[in-house]
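Owing to the predicted nature of the structure, the values given are computational and were not obtained by experimental measurement. Throughout, protein chains are lettered first and strands after them, A, B, ... in sequence-line order, and every chain is numbered starting at 1.
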There are 2 protein chains.
Amino acid sequence: MEKKITIADIARMANVAKSTVSRYLNGGSVSEKTRRKIDTIVSDYNYQPNALAQNLKLKINHTVGVIVPRLDSTAQVEMLRGLDAANDEDTFLIVNTYQSVARELAAIEKLRNQHVSGLIILTANITDDIRDALKAFDVPVVIQGQDEGDFHRVLMNDRQAGDIVGQYAMSLTPKKVLLLTIPEQQDWSIGHERFTGVYHALADYDVTTIHTKFNIDEARNDALRVMSENTFDLVIGATDRMTIGALQAGIATHQSAKYIGFGKSDLSTTVTPHLTSFEYDFYETGKLMYNLLKNVRENNPSEKQRLVFDGQLVERESTQNFY
Amino acid sequence: MEKKITIADIARMANVAKSTVSRYLNGGSVSEKTRRKIDTIVSDYNYQPNALAQNLKLKINHTVGVIVPRLDSTAQVEMLRGLDAANDEDTFLIVNTYQSVARELAAIEKLRNQHVSGLIILTANITDDIRDALKAFDVPVVIQGQDEGDFHRVLMNDRQAGDIVGQYAMSLTPKKVLLLTIPEQQDWSIGHERFTGVYHALADYDVTTIHTKFNIDEARNDALRVMSENTFDLVIGATDRMTIGALQAGIATHQSAKYIGFGKSDLSTTVTPHLTSFEYDFYETGKLMYNLLKNVRENNPSEKQRLVFDGQLVERESTQNFY
DNA sequence: TTGTATGCGTTATCAT
DNA sequence: ATGATAACGCATACAA
């Protein structure tokens, strides 16, 4: 329970000047004798430098803000893991905003006050307000999932994903297809990009499209409405959770369709049957985002960086016949 | 993209002293004229105080550290939500430790450097090293799930939970019971407390107990080993994930047992059948933890606080006959 | 090698 | 009501 000790304290106890202690701490030149004196004091009292004072003085802040819109999403959690894995020298100031624009704006203010040296946003929905707040922020910003020219960004190749899933869907020669997605203005990448390839490939098929929410319960209820009146043999959801909602609706209405989802989550292998899904490696994405930020901070490029990440289709039981 | 502006800048532009600006900002007495002058400058340049300098000066730090051992757990995420909901004035410095003691120790050091004014630990496993590091930390610490007399703590009433589940299990009059848990030294509350009531109630029944891990895959594999050689009609897992692992093993081995889990997670209603589970309200727990910390910080009680939280059994399809 | 002095941005004390 | 000044803990340019 020792009180926090400062450089001045050490200096006094060792009968040296503060600057000598500072030099000792930063690997400057100190005589063997004073080095030993200071050494024992530092370890005896378990001295820890005050990061606040350091940052204030040096004006480089080894703190980066991370804004996380939702934690009930495997993708976001995996990206966080990636960030942590790649991080070697920073402290993350993580703020959860629960998809509230107001909270996100407040978070940006807060992080600005903390003078973080960078900002990583795992969001997929940048409103005008947020864009303005971000641009007024004089630090590098890395965002994810949204192709905003104003910021450095890491994107999922949702267009390609849609093409691949579309081709795959065709190969299943379905009779009647149900598509679950969200309004495109809510999330362009997910609501639009992901499905363009699918629409294109299934242009000549019997396709029903409904809009729903990100969570399982709502998706199930919405799916239930159409599935209780129609029988589908192929269901494609814009996210795994939506697809699982539909899967439950399918079980409830006793129809045995095939199911395809998007996104990597452990839910895919939690449900029965395991879900065929187009997966991104969000862990790697997180690493990439951190390294991008670090790179930008060091090299200060004039152009905004734009990185695109591919995913892959993983086939599981839900698109097979025998279950 | 305005550069960050300081009190000194404002003072210069308004032709007043720094102290006047400071007084203005903190609601001190300033003449109407200077007030207006400063007003426009502040809003024009969108002045934001430097929280670092403030904290350094005031020596009260509105930052609290939050150590989260795992994010792939609904309980932890819900507690985080609760913390956020109850928080009104602090900035959370969230550190994910991924259940690594080394990372947790490093996190404690880091938070100490940041001079946080409190520490909230959502852990369930305090090793000696960690206990020592925590006690050397001169700020209030609130932990969860572990009955450590050295710290303020919020506990789940796992003992009572075990009793209730035990009684309920008896009422199902099972012939052969499988229990999945973890070694008690790994997590006393979960590994021991939760099951004492169950053991007691089922003392005269045919019970098999196996140890497994927290994740679904391992639990499934471990369960598969015993379930491929025996048929059970009741399975109780120490967590929902374990129980789901066993559920999958049950499906794979074509046995229709009843299943009971512990812990509140959306997985309960994701799997088919929905899982009967003993649930805690971790969102409320999170709120409670924050309020406890706040209370302790303000009133500095001499005794360590100890709060106990009850849960309840929620019956779902997995303990019914007709599925 | 060591010490003195100054500044980072803020608040607080004490004159004026 | 206002301003000069010191202090928080640290790092550094410069002098000794």
Test item: side-chain donor near acceptor, A/R23 and A/S29, under 3.5 Å: no

Whole-Å distance separating the CG atom of B/N26 from the P atom of C/dT13: 12 Å

Could you tell me whether A/N55 contacts a base, only the sugar-phosphate backbone, or nothing, with contacts defined as non-hydrogen atoms closer than 4.0 Å? nothing

CD1 of A/I38 versus C1' of C/dT1: gap in Å, rounded? 12 Å

Should A/Q54 be listed as having a side-chain N or O under 4.0 Å from OP1 or OP2 of D/dG9? no

Touch class at under 4.0 angstrom, heavy-atom based, for B/N15 against every strand present: sugar-phosphate

Nearest-angstrom distance from the residue atom CG of B/D9 to P of C/dC8: 10 Å

How would you label the contact of B/S31 with the nucleic acid (heavy atoms, under 4.0 Å): base, sugar-phosphate, or nothing? sugar-phosphate

With the threshold set at 4.0 Å, does a side-chain nitrogen-carboxylate oxygen contact exist between B/D150 and B/K304? no

Can B/D90 and B/K294 be counted as an ion pair, charged N to O under 4.0 angstrom? no

Under 4.0 angstrom between B/K18 side-chain N/O and D/dT5 OP1 or OP2: no

Whole Å only: how far is the CD atom of B/Q114 from the C1' atom of D/dC10? 14 Å

Between B/K57 and B/E32, name the one whose nearest nucleotide on DNA chain D is closer to the 5' end. B/E32

Nearest-angstrom distance from the residue atom CG of A/N61 to C1' of D/dG9: 15 Å

D/dC10 phosphate, OP1 or OP2: any side-chain N/O from A/Y47 under 4.0 angstrom? yes

Let's see if you can work this out: which of C/dC8, C/dA12, C/dG3 has an atom nearest to the side-chain heavy atoms of A/K59? C/dC8

B/T34 vs D/dT2: side-chain N/O to OP1/OP2 distance below 4.0 Å: yes

Output the single nucleotide from C/dT10, C/dT2, C/dT4 whose closest atom is nearest the side chain of B/I7. C/dT10

Looking at A/F214, does the NZ or CZ of A/R70 lie under 6.0 angstrom from its six-membered ring centre and within 45 degrees of the ring axis? yes

Could you tell me the separation between the CZ atom of B/R23 and the P atom of D/dA1, rounded to a whole number of Å? 8 Å

Can you tell me if the side-chain N/O atoms of B/T20 get under 4.0 Å from OP1 or OP2 in D/dG3? yes

Is the shortest side-chain N to carboxylate O distance from B/K18 to B/D9 below 4.0 Å? no

Is any side-chain nitrogen or oxygen of A/N50 closer than 4.0 Å to OP1 or OP2 of D/dC10? no

Phosphate OP1/OP2 of D/dA1 contacted by B/S29 side-chain N/O (<4.0 Å): yes

Atom-to-atom span, NZ of A/K37 to C1' of C/dT2 - whole angstrom: 11 Å

Which part of the nucleic acid, if any, lies within contact of A/Y24, taking any heavy atom under 4.0 Å across all strands shown: a base, the sugar-phosphate backbone alone, or nothing? nothing

I need the B/I108 CD1 to B/D132 CG distance, nearest 0.5 Å. 10.0 Å

Could you state the atom-to-atom distance from CG of B/L56 to C1' of C/dG9 in whole Å? 9 Å

Any side-chain N or O of B/T6 less than 4.0 Å from the OP1 or OP2 oxygen of C/dC8? no

